[in-house]
**Q** 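To start, I am sharing the structure in question, which I have written as structure tokens.
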Amino acid sequence: AAVVPGGDGYLPQVLPAMLEARRVIPAYGMNLGTVGFLMNRYDKRAALQARVNKARRWTISPLRVEAVTQDGDTHVLNAINEISLLRETRQTAKIEVTVGDRVRIRELVCDGVLVATPAGSTAYNLSAQGPI
């Protein structure tokens, strides 16, 4: 397992790096940040190996986006907590949202779209002072 010391912002940085490197191993997040609701409590007195061995597994399904531009260029990205797609011109964007092979939104006319996993949506909920 990889022990990831930091805050809730650091763990979602490490996990996509594992995906890109095609080296996904269990990650044990240890809170050294401010809130740390995604992380385990830091305790310098507790035996780290025993804590990692006793940890409960929690599987995160990453988001994978395949975006095709007007010019036909394709960009593939992975994310743990969210993917945002924003317009780059003064005109509104016209976005089709497909999940798997199913079109969820045929044409979304907007400034952008944000798709979040439970890990990401929890962070947004917390920032809006909602419950975790």
Side-chain angles (χ1 to χ4, degrees):
V3 175
V4 182
D8 287 336
Y10 187 57
L11 187 60
Q13 283 182 342
V14 170
L15 299 177
M18 286 184 189
L19 289 172
E20 287 179 30
R22 296 182 184 198
R23 174 99 168 92
V24 178
I25 60 174
Y28 183 84
M30 189 170 291
N31 183 28
L32 296 176
T34 307
V35 178
F37 62 87
L38 293 174
M39 312 291 264
N40 295 288
R41 187 174 49 84
Y42 173 71
D43 184 352
K44 65 181 174 183
R45 295 167 293 164
L48 180 58
Q49 185 66 49
R51 291 184 71 190
V52 171
N53 290 341
K54 286 176 37 178
R56 206 168 16 129
R57 280 188 177 253
W58 182 42
T59 302
I60 296 175
S61 299
L63 293 170
R64 180 177 179 272
V65 67
E66 186 173 310
V68 181
T69 66
Q70 278 185 316
D71 298 331
D73 295 332
T74 301
H75 302 273
V76 178
L77 303 165
N78 293 306
I80 298 300
N81 55 351
E82 94 278 334
I83 291 177
S84 59
L85 182 63
L86 305 171
R87 66 181 171 88
E88 290 188 354
T89 66
R90 291 186 176 148
Q91 296 177 330
T92 56
K94 293 183 179 179
I95 300 170
E96 177 183 277
V97 178
T98 304
V99 178
D101 292 332
R102 185 172 173 203
V103 176
R104 298 291 181 152
I105 302 173
R106 186 154 313 283
E107 185 178 72
L108 179 63
V109 180
C110 58
D111 289 333
V113 64
L114 177 80
V115 179
T117 67
S121 60
T122 303
Y124 300 126
N125 197 17
L126 178 65
S127 70
Q129 297 166 355
I132 297 178

**Q** Not counting sequence neighbours, list each pair that qualifies as a side-chain hydrogen bond (donor to acceptor under 3.5 Å, both in side chains) and has a residue in residues 13-31.
**A** Tyr28-Arg51
**Q** Pairs of donor and acceptor atoms involving the side chains of residues 90-104, under 3.5 Å and at least two apart or interchain, shall be tabulated with distances.
**A**
| from | atom 1 | to | atom 2 | distance (Å) |
| --- | --- | --- | --- | --- |
| Glu96 | OE2 | Thr98 | OG1 | 3.3 |

**Q** Partners of Asp111 by side-chain hydrogen bond (donor to acceptor under 3.5 Å, both in side chains), sequence neighbours excluded?
**A**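 With sequence neighbours excluded, Asp111 shows a side-chain hydrogen bond (donor to acceptor under 3.5 Å, both in side chains) to Arg87, given in chain and number order.
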**Q** Taking only residues two or more places apart in sequence or in another chain, which ones pass salt bridge (charged side-chain N to carboxylate O under 4.0 Å, His left out) with Glu66?
**A**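 Once residues adjacent in sequence are excluded, the partners of Glu66 under the salt bridge (charged side-chain N to carboxylate O under 4.0 Å, His left out) criterion are Arg64.
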**Q** Transitively linked via ILVMFWY side-chain contacts under 4.5 Å: Ile25 with Val14?
**A** yes
**Q** Indicate yes or no: at least one non-hydrogen side-chain atom of Pro62 is less than 4.5 angstrom from one of Leu15.
**A** no
**Q** Taking Trp58 as the starting point, is it possible to reach Val24 by hopping between hydrophobic residues whose side chains are less than 4.5 Å apart?
**A**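 Val24 clusters together with Trp58.
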**Q** Taking only residues two or more places apart in sequence or in another chain, which ones pass side chain to side chain contact (heavy atoms under 4.5 Å, CB included) with Pro26?
**A**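 Result, side chain to side chain contact (heavy atoms under 4.5 Å, CB included) vs Pro26: Ala1, Arg57.
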**Q** Working to the nearest 0.5 angstrom, can you tell me the gap between Ile105 CD1 and Glu107 CD?
**A** 11.0 Å
**Q** Checking Asn53 now: which residues fulfil side-chain hydrogen bond (donor to acceptor under 3.5 Å, both in side chains) with it, not counting sequence neighbours?
**A** Gln49
**Q** Go through the structure and list residues passing side chain to side chain contact (heavy atoms under 4.5 Å, CB included) with Leu63, not counting sequence neighbours.
**A**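 In terms of side chain to side chain contact (heavy atoms under 4.5 Å, CB included), with neighbours along the sequence ignored, Leu63 is linked to Ile83, Val115, Thr117.
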**Q** Restricting to side chain to side chain contact (heavy atoms under 4.5 Å, CB included), what partner residues turn up for Thr59, sequence neighbours left out?
**A** none
**Q** Please set out all donor-acceptor pairs under 3.5 angstrom arising from side-chain atoms of residues 36-48, sequence neighbours excluded.
**A**
| from | atom 1 | to | atom 2 | distance (Å) |
| --- | --- | --- | --- | --- |
| Asn40 | ND2 | Gly29 | O | 2.8 |
| Asp43 | OD1 | Arg45 | N | 3.0 |
| Asp43 | OD1 | Arg45 | NE | 3.4 |

**Q** Following the transitive rule for hydrophobic clusters with a side-chain heavy-atom cut-off under 4.5 Å over Ile, Leu, Val, Met, Phe, Trp and Tyr, establish whether Leu11 and Met30 coincide in one cluster.
**A**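 In one cluster with Leu11: Met30, no.
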**Q** Are Leu108 and Leu85 connected in the hydrophobic side-chain network, where two residues link if heavy atoms are under 4.5 Å apart?
**A** yes
